[in-house]
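One structure is given here, and the rest of the page talks about it.
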Amino acid sequence: MAAQTVATSVDLGPATGLSCRECGTRFELGPIFACAECFGPLEVAYDLPTGDPEALRAAIEAGPNNIWRYAPLLPVPADVASKPSLNPGFTKLVDAENLAKELGVTGKLYVKDDSGNPTHSFKDRVVAIAVEAARAFGFTTLSCSSTGNLAGAVGAAAARAGFRSCVFIPHDLEQGKVVMAGVYGGDLVGIEGNYDDVNRFCSELIGDPLGEGWGFVNVNLRPYYGEGSKTLAYEICEQLGWQLPDQIVIPIASGSQLTKIDKGLQELVKLGLVEDKPYKIFGAQAEGCSPVSTAFKAGHDVVRPQKPNTIAKSLAIGNPADGPYVLDIARRTGGFVEDVNDEQVVEAIKILAQTEGIFAETAGGVTVGVTKKLIENGQLDPTLTTVVLNTGDGLKTLEAVAADSGQTATIRPSLDAFRAAGLA
């Protein structure tokens, strides 16, 4: 695509431009996402803070209890905390002792529970960053292609920030996600097909006059949007007492979250905010949409697209844009990419709920299920400090566990009936 630029006076804090991940070509800050030289993906380049790490650490700790405490490390203006926003982030890092016992973990096991975000998924983080880019570039409409969680996050953020929203989803999403995306008053458009069909349509709309003035958070604003996932890495390390975890298990949809968490960990090391040490990153997919784990286990560098067929619809991206980079990171860190079937996903949702009181959506079931499988197969060390991500709320995917998670019994309002039911 032809390179676009905007005025260099655009204020996105420490962001200085865009850089191609493949060839390194630099571009000015603007609503572009692919390199004009090699068509590689673009990333935000920074002039990050230098100097005393202790002072930077203290400044972060004195900041607000949301992602804006890390504003000096993100492509946002310094006064971002004063602007209308859902202010996501700084979600709980749960010390999962009961889950650890269930899985046979003898080291520390934590669940980073991002269901506590405003629209109950990690997507609030990435959208919050994209909104600041949309403001900077003068967009009037926020849009996205989505498997559900992102649609809700865009609708809510647009309502709060004063944008129009129009989001696109596969027509057969879980009803909970459809309702949550539609309640904010924006336009919600179902596309006949899967997520890859939806994403293809959005790419066409960007090049059409109909899309003028539209900021697609995960397309033409993708370089900025992706940076929101770094805040998961920042928070995990801060909540661990400014330490890197030994192992981290991350769900894979497009793969962007995993690559940006690794980027965030590397930035903390470079800034001197954490002590450098080896860590392993593990990727988690559903068997019915597992192009990255298939490539990893076959030793391939190319990720071949698949047609999704899984209950984990939030991870159902058959052609993941960051798939090759996920392979690189898993191999570089000594991690692994694994998958689990739908039955194992449901089992893992119940295990997490019944041990830690956390009701995860199907993506969280994938991550916990893969963690269990990795331990059983000897690929994840149960003696080390491990963090598992739960990226969304189970109330959005009730269908996955509704069949056998209802009433234990229905009785008359009497003690005799209660005794007769065998519940006393």
Side-chain angles (χ1 to χ4, degrees), residues 64-67 69-70 86-103 105 107-128 148-150 152-153 156 176-177 180 228-241 243-253 257-258 260-261 264-265 281-284 312 314-315 345-372 380 385-398 400-401 405:
N65 288 328
N66 54 54
I67 62 172
R69 68 199 285 116
Y70 307 110
L86 296 179
N87 298 323
F90 222 67
T91 54
K92 292 180 180 179
L93 184 69
V94 178
D95 187 349
E97 292 184 1
N98 296 329
L99 180 62
K101 291 177 183 177
E102 177 70 23
L103 299 183
V105 173
K108 296 295 292 184
L109 179 65
Y110 297 91
V111 175
K112 180 59 172 171
D113 186 14
D114 245 23
S115 66
N117 277 310
T119 69
H120 307 287
S121 91
F122 90 95
K123 292 294 187 181
D124 290 321
R125 297 174 181 273
V126 291
V127 171
N149 284 324
L150 181 58
K177 290 181 180 177
M180 190 169 188
S229 289
K230 295 193 309 182
T231 60
L232 279 161
Y234 300 157
E235 287 178 19
I236 288 169
C237 290
E238 182 178 353
Q239 291 168 323
L240 288 175
Q243 295 183 59
L244 293 169
D246 297 317
Q247 303 170 134
I248 183 166
V249 188
I250 305 168
I252 298 170
Q257 183 186 64
L258 187 149
K260 297 304 181 183
I261 287 176
L265 297 176
I281 291 184
F282 297 86
S314 60
L315 303 183
V345 171
V346 173
E347 177 193 13
I349 291 172
K350 293 179 180 179
I351 288 173
L352 182 59
Q354 293 167 14
T355 56
E356 298 298 341
I358 297 172
F359 184 19
E361 69 156 299
T362 49
V366 169
T367 311
V368 173
V370 163
T371 302
K372 181 175 184 290
L380 188 145
T385 297
T386 304
V387 177
V388 177
L389 266 61
N390 174 44
T391 53
D393 195 318
L395 291 174
K396 296 185 178 189
T397 57
L398 291 173
V401 294
S405 296

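Just so you know, these numbers come straight off a predicted model, no measurement behind them. Throughout, numbering of the chain's residues begins at 1 and tracks the sequence.
With rounding to the nearest 0.5 angstrom, the NZ atom of Lys260 is 13.5 Å from the CG atom of Leu232. Here the OH atom belonging to Tyr234 is positioned 11.5 Å from the CD1 atom belonging to Ile261, to the nearest 0.5 angstrom. One finds the SG atom of Cys237 at 5.0 Å from the CG atom of Leu265 (value rounded to the nearest 0.5 Å). Distance check: Lys123 NZ to Ser229 OG gives 7.0 Å after rounding to the nearest 0.5 Å. With rounding to the nearest 0.5 Å, the separation of OG1 in Thr91 from CG in Asp113 is 7.0 Å. The line from CG of Leu109 to CD of Glu102 is 11.5 Å long, rounded to the nearest 0.5 Å.
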Next item on the list: Would you please test Ile236 and Ile248 for side chain to side chain contact (heavy atoms under 4.5 Å, CB included) and show each step?
Entry: CA-CA 10 Å; Ile236 288 169; Ile248 183 166; 3.7 Å; yes
Next item on the list: Starting from the C-alpha separation in whole Å, work towards a yes-or-no answer on side chain to side chain donor-acceptor pair (under 3.5 Å) for Asp114 and Thr391.
Entry: CA-CA 5 Å; Asp114 245 23; Thr391 53; over 6 Å; no
Next item on the list: Output, in order, the C-alpha distance, side-chain angles, deciding distance and verdict of side chain to side chain contact (heavy atoms under 4.5 Å, CB included) for Ser121 and Lys396.
Entry: CA-CA 10 Å; Ser121 91; Lys396 296 185 178 189; 3.8 Å; yes
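There is no side-chain donor-acceptor pair under 3.5 Å between Asn390 and Glu361.
Contact annotation: the side chain of Tyr110 approaches that of Leu240 to within less than 4.5 Å [non-hydrogen atoms, C-beta and beyond]. Residues Ile250 and Ile281 meet the side-chain proximity criterion, which asks for heavy atoms closer than 4.5 Å. Under the 4.5 Å side-chain criterion, counting only non-hydrogen atoms from C-beta, Phe282 is in contact with Leu380. Side-chain contact between Met180 and Thr119 is present, with at least one heavy-atom pair separated by less than 4.5 Å. Residues Leu352 and Val111 meet the side-chain proximity criterion, which asks for heavy atoms closer than 4.5 Å. Taking the side chain as every heavy atom from C-beta outward, Ile349 and Phe359 approach each other to under 4.5 Å. Contact annotation: the side chain of Thr397 approaches that of Lys177 to within less than 4.5 Å [non-hydrogen atoms, C-beta and beyond].
Side-chain atoms of Glu356 come within 3.5 Å of backbone N or O of Leu99 as a donor-acceptor pair. Under a 3.5 Å cut-off, the side chain of His120 and the backbone N or O of Ser115 do form a donor-acceptor pair. Using a distance-only test at 3.5 Å, with no hydrogens or angles considered, a donor-acceptor pair links the side chain of Asn117 to the main chain of Gly89.
When each of Val127, Asn66, Asn87, Asp124 is checked for a side chain to side chain contact (heavy atoms under 4.5 Å, CB included) with Pro118, only Asp124 meets the rule.
Note on Arg69 versus Glu238: salt bridge recorded, some NZ/NE/NH1/NH2 to OD/OE distance being below 4.0 Å. Classification of Glu235 and Arg125 as a salt-bridged pair holds, one side-chain N sitting under 4.0 Å from a carboxylate O.
Residues Ser405 and Val401 come closest through the heavy atom pair OG-O, 2.8 Å. Closest approach of Val346 to Ala400, counting heavy atoms only: CG2-O, 3.5 Å. In plain terms, the two heavy atoms of Ala312 and Thr362 that are nearest each other are CA-OG1, 3.4 Å. Nearest heavy-atom pair, Ser314 versus Asn149, reported as atom, atom and distance to 0.1 Å: CB-ND2, 4.0 Å.
Annotation: salt bridge (charged side-chain N to carboxylate O under 4.0 Å, His left out) contacts involving residues 90-101, sequence neighbours excluded, comprise Asp95-Lys108.
In this structure, Ala353 has no side-chain contact (heavy atoms from CB on, under 4.5 Å) partners at least two apart in sequence or on a different chain.
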Just distance, no hydrogens or angles: give the donor-acceptor pairs under 3.5 Å from side chains in residues 363-371, sequence neighbours left out.
{"unit_1": "Thr367", "atom_1": "OG1", "unit_2": "Ala363", "atom_2": "O", "d": "3.0"}
{"unit_1": "Thr371", "atom_1": "OG1", "unit_2": "Thr367", "atom_2": "O", "d": "2.8"}

